[in-house]
Amino acid sequence: MKKVLVLTGGGDCPGLNAVIRGIAKRARKEKNWEVFGSIEAFNGIFNEPQEIIKLTSAKTAGIHIRGGTILKTTNKSNPINFPMPQKDGSVKFVDRSDELVKKLKQLNFDAVINIGGDGSQKISKVLFDKGIPVIGVPKTIDNDLSATDITFGFQTAVQIATDSFDKLITTAESHHRVMIMEVMGRDAGWIALHTAIAGGAEICLIPEIPYDIKKLVKRIDLRYKNGRGFCNIVVAEGAKPKNGTMTSSKGEKGSEHVRLGGVAFQLSKQLKDAGCKAEIRETVLGHIQRGGTPVAFDRILASLYGVKAMELAINGEFGKMVCFKNNTVTYVSLEEATRESNFVKKDNYLVKAAKGLGITFGD
Ligand code: F6P
């Protein structure tokens with residue numbers, strides 16, 4: 001029998017379970033493949049005893065409609081930059097990739113399918129270069145991978161954000177308030193941009209377009225006649241004013257990234273300081289955007305990715321990442337997969353259309 005190992009790494013994302021089920025179902029059709037899963041990304045391999053489970057049909061049946069990942073995940077076990085707690089309470093980051101490669105070789109898997117975002121696919125590339133038969137599956141609600149036109153989880157996040165935004169509009173109108181809704185998007189503003197168009201925002205702030213606070217106050221003032229009006233703003237967590245910096249909360253031990261969050265409150269203060277007279281309320285959507293049932297589009301895309309990734313494994317095509325390009329599921333090399341990020345460009349058709357709809361970016 002041949003063996004494939006599946007793992008999910010980085011932040012979770014609606015659709016991960018549908019990928020796992022897609023891999024398992026496609027593998028079962030072959031009769032000579034068994035599917036295993038490593039618990040909590042590479043921790044399942046590092047841990048003693050190792051945590052590797054067999055993905056039987058009982059384990060994967062019906063999981064495509066569930067959010068999260070049955071294999072669990074973490075964004076604190078990057079084997080290339082692994083956080084090791086020190087006696088003095090500090091954390092030292094060490095390269096454990098050789099140790100991981102040794103363990104994976106001992107386990108003798110015929111294929112390893114690594115489902116994860118940018119960081120995870122960089123790990124896939126390192127492992128492949130060291131002789132591991134890896135296939136990548138892209139995952140992120142942020143949709144910031146350039147090798148694929150769209151990632152699963154993104155549509156679900158946009159739907160959740162839009163539903164929330166709709167709710168804020170009615171209360172904004174009743175109270176004549178400015179409502180600021182903060183969505184995820186560390187370096188890429190796709191969720192905010194899509195939500196702004198779908199929800200009919202007056203202002204959309206994204207990391208790629210630093211804003212001028214005075215222009216925002218002017219736009220809000222236009223919405224208030226005789227002191228009455230309302231205004232709805234969507235802001236990505238990584239948005240920043242011109243010549244300003246991102247709003248971060250304290251860093252976490254063992255995390256490679258600064259934790260973002262709180263830009264809605266910063267913006268609220270900046271607007272007040274710049275003379276905005278209207279009453280302002282802030283809502284931070286946070287991890288609600290990553291939870292719950294994936295929308296149909298994400299389940300479909302995730303299932304297609306699962307089937308395709310397994311077919312690459314069956315055909316012995318390693319060092320590739322599955323992707324969605326020009327309306328079809330295909331693949332790119334891991335090198336291409338990790339070459340550049342997908343950021344919103346100022347001349348993107350969505351930005352242009354948003355401006356046509358009267359949405360202000362503050363630029
Ligand atoms: O998946 C990326 C992301 O959604 C970012 O937009 C956000 O900054 C990050 O996850 C938060 O992840 P966590 O709180 O799980 O570390």
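Computed from a predicted structure; not experimentally measured.
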**Student:** Less than 4.5 Å apart, side chain to side chain, heavy atoms only: is that true for Tyr211 and Leu267?
**Tutor:** yes
**Student:** How long is the straight-line distance from CZ of Phe109 back to NZ of Lys2, given to the nearest 0.5 Å?
**Tutor:** 14.5 Å
**Student:** In sequence, state the C-alpha distance, the side-chain angles, and the governing distance for Thr73 and Glu40, and then conclude on side chain to side chain contact (heavy atoms under 4.5 Å, CB included).
**Tutor:** CA-CA 4 Å; Thr73 187; Glu40 225 182 57; 5.9 Å; no
**Student:** With a 4.5 Å limit on heavy-atom distance, are the side chains of Ile113 and Leu7 in contact?
**Tutor:** no
**Student:** Going only through I, L, V, M, F, W and Y residues with side-chain contacts under 4.5 Å, is there a path from Leu357 to Ile209?
**Tutor:** yes
**Student:** Give a yes or no on whether a salt bridge exists between Lys325 and Asp149, defined as a side-chain N under 4.0 angstrom from a carboxylate O.
**Tutor:** yes
**Student:** Spell out, yes or no, whether Leu260 and Ile180 are grouped together once hydrophobic residues are joined by side-chain heavy atoms under 4.5 Å, including indirect joins.
**Tutor:** no
**Student:** Any chance you could measure Leu100, atom CG, to Lys105, atom NZ, to the nearest 0.5 Å?
**Tutor:** 11.0 Å
**Student:** State, with a plain yes or no, whether a side-chain heavy atom of Trp33 is found less than 4.5 Å away from one of Asp110.
**Tutor:** yes
**Student:** So Val4 and Val112, do their side chains get closer than 4.5 Å, heavy atoms only?
**Tutor:** no
**Student:** Verify the cluster assignment for Val284 and Met181: are they in a single hydrophobic cluster under the rule of side-chain heavy atoms below 4.5 Å apart?
**Tutor:** no
**Student:** With a 4.0 Å cut-off on N to O distance, would you call Glu279 and Arg177 a salt bridge?
**Tutor:** yes
**Student:** Take Glu237 and Arg186, measure what salt bridge (Lys or Arg N to Asp or Glu O under 4.0 Å) needs, and give me the verdict at the end.
**Tutor:** CA-CA 6 Å; Glu237 61 184 350; Arg186 174 173 288 273; 5.1 Å; no
**Student:** Of Lys218, Arg219, Glu202, Lys355, which meets side-chain hydrogen bond (donor to acceptor under 3.5 Å, both in side chains) against Thr360?
**Tutor:** Arg219
**Student:** Donor-acceptor pairs under 3.5 angstrom involving side-chain atoms of residues 133-143: please list them, not counting sequence neighbours.
**Tutor:**
unit_1: Lys139; atom_1: NZ; unit_2: Gly11; atom_2: O; d: 2.6
unit_1: Thr140; atom_1: OG1; unit_2: Asp142; atom_2: N; d: 2.7
unit_1: Asn143; atom_1: OD1; unit_2: Thr151; atom_2: N; d: 3.0
unit_1: Asn143; atom_1: OD1; unit_2: Thr151; atom_2: OG1; d: 3.4

**Student:** Shared ILVMFWY cluster between Leu16 and Ile160, side chains joined below 4.5 angstrom?
**Tutor:** no
**Student:** Do we see a donor-acceptor contact under 3.5 Å between the side chains of Thr247 and Gln266?
**Tutor:** no
**Student:** Please check: side-chain N/O of Asn114 versus main-chain N/O of Ser120, any donor-acceptor pairing under 3.5 Å?
**Tutor:** yes
**Student:** Taking atom types as modelled and ignoring hydrogens, do the side chains of Glu311 and Asn315 form a donor-acceptor contact shorter than 3.5 angstrom?
**Tutor:** no
**Student:** At what distance, to the nearest 0.5 angstrom, does OG of Ser124 lie from CD1 of Ile132?
**Tutor:** 11.5 Å
**Student:** Write down the atom of Ala188, the atom of Pro207, and the distance for their closest heavy-atom approach.
**Tutor:** N-CG, 4.0 Å
**Student:** Are Leu71 and Val6 close enough that some pair of their side-chain heavy atoms sits under 4.5 Å apart?
**Tutor:** yes
**Student:** Indicate yes or no: does Lys130 engage Asp98 in a salt bridge with an N to O separation below 4.0 Å.
**Tutor:** yes
**Student:** So, taking the atom named CD1 in Ile80 and the one named NZ in Lys125, what distance separates them when rounded to the nearest 0.5 Å?
**Tutor:** 10.5 Å
**Student:** Minimum heavy-atom separation for Ile70 to Lys59, with atom names?
**Tutor:** CD1-O, 3.8 Å
**Student:** So do Phe154 and Ile191 actually touch side chain to side chain, heavy atoms under 4.5 Å?
**Tutor:** yes
**Student:** How long is the span from the OG atom in Ser38 to the CD1 atom in Ile45, to the nearest 0.5 Å?
**Tutor:** 4.0 Å
**Student:** Counting only heavy atoms not in Lys242 (residues, nucleotides, ligands), do more than 12 fall under 6.0 Å from its NZ?
**Tutor:** yes
**Student:** Show, in sequence, the C-alpha distance, side-chain angles and deciding distance for Lys122 and Asp118, and conclude whether the salt bridge (Lys or Arg N to Asp or Glu O under 4.0 Å) test is met.
**Tutor:** CA-CA 6 Å; Lys122 287 193 175 119; Asp118 193 29; 3.3 Å; yes
**Student:** If we ignore angles and hydrogens, is there a donor and acceptor under 3.5 Å between the side chains of Thr156 and Asp298?
**Tutor:** yes
**Student:** Can you tell me if NZ on Lys272 sees more than 12 non-hydrogen neighbours from other groups inside 6.0 Å?
**Tutor:** yes
**Student:** Can you tell me if Ile288 has over 12 outside heavy atoms packed within less than 6.0 Å of its CD1?
**Tutor:** no
**Student:** Hey, are the side chains of Ile39 and Asn43 touching, using non-hydrogen atoms and a 4.5 Å cut-off?
**Tutor:** no
**Student:** Quick one: pull up CG in Leu5 and CG in Leu104 and give me the separation to the nearest 0.5 Å.
**Tutor:** 7.0 Å
**Student:** Should we count CG of Asn243 as having more than 12 external heavy atoms under 6.0 Å?
**Tutor:** no
**Student:** Would you say Asp88 has more than 12 foreign heavy atoms packed within less than 6.0 Å of its CG?
**Tutor:** yes
**Student:** What pair of heavy atoms forms the shortest contact from Ala41 to Gly9, and how long is it?
**Tutor:** CB-CA, 3.9 Å
**Student:** Less than 4.5 Å apart, any side-chain heavy atom of Arg281 and any of Val178?
**Tutor:** no
**Student:** Under 4.5 Å between side-chain heavy atoms, hopping through other hydrophobics if needed: is there a path connecting Phe343 to Phe361?
**Tutor:** no
**Student:** Does NZ or CZ of Arg96 fall inside the cone over Phe46's six-membered ring, less than 6.0 Å from its centre and within 45° of the axis?
**Tutor:** yes
**Student:** Verify side chain to side chain contact (heavy atoms under 4.5 Å, CB included) between Asp166 and Ser164, making sure each step is shown before the conclusion.
**Tutor:** CA-CA 5 Å; Asp166 290 349; Ser164 309; over 6 Å; no
**Student:** Say whether Thr148 and Tyr305, considering side chains only, have a donor N or O and an acceptor N or O under 3.5 Å apart.
**Tutor:** yes
**Student:** So Lys352 and Asp347, side chain to side chain contact (heavy atoms under 4.5 Å, CB included) or not? Walk me through it.
**Tutor:** CA-CA 6 Å; Lys352 284 186 184 163; Asp347 61 352; 4.2 Å; yes
**Student:** State whether Lys103 and Glu48 are salt-bridged, where the test is any N-O pair (Lys NZ or Arg NE/NH1/NH2 against Asp/Glu carboxylate O) under 4.0 Å.
**Tutor:** yes
**Student:** Is it true that Thr60 and Arg28 share a donor-acceptor pair across their side chains at a distance under 3.5 Å?
**Tutor:** yes
**Student:** Within the side chain of Gln289, is there an N or O that forms a donor-acceptor pair under 3.5 Å with the backbone of Gly286?
**Tutor:** yes
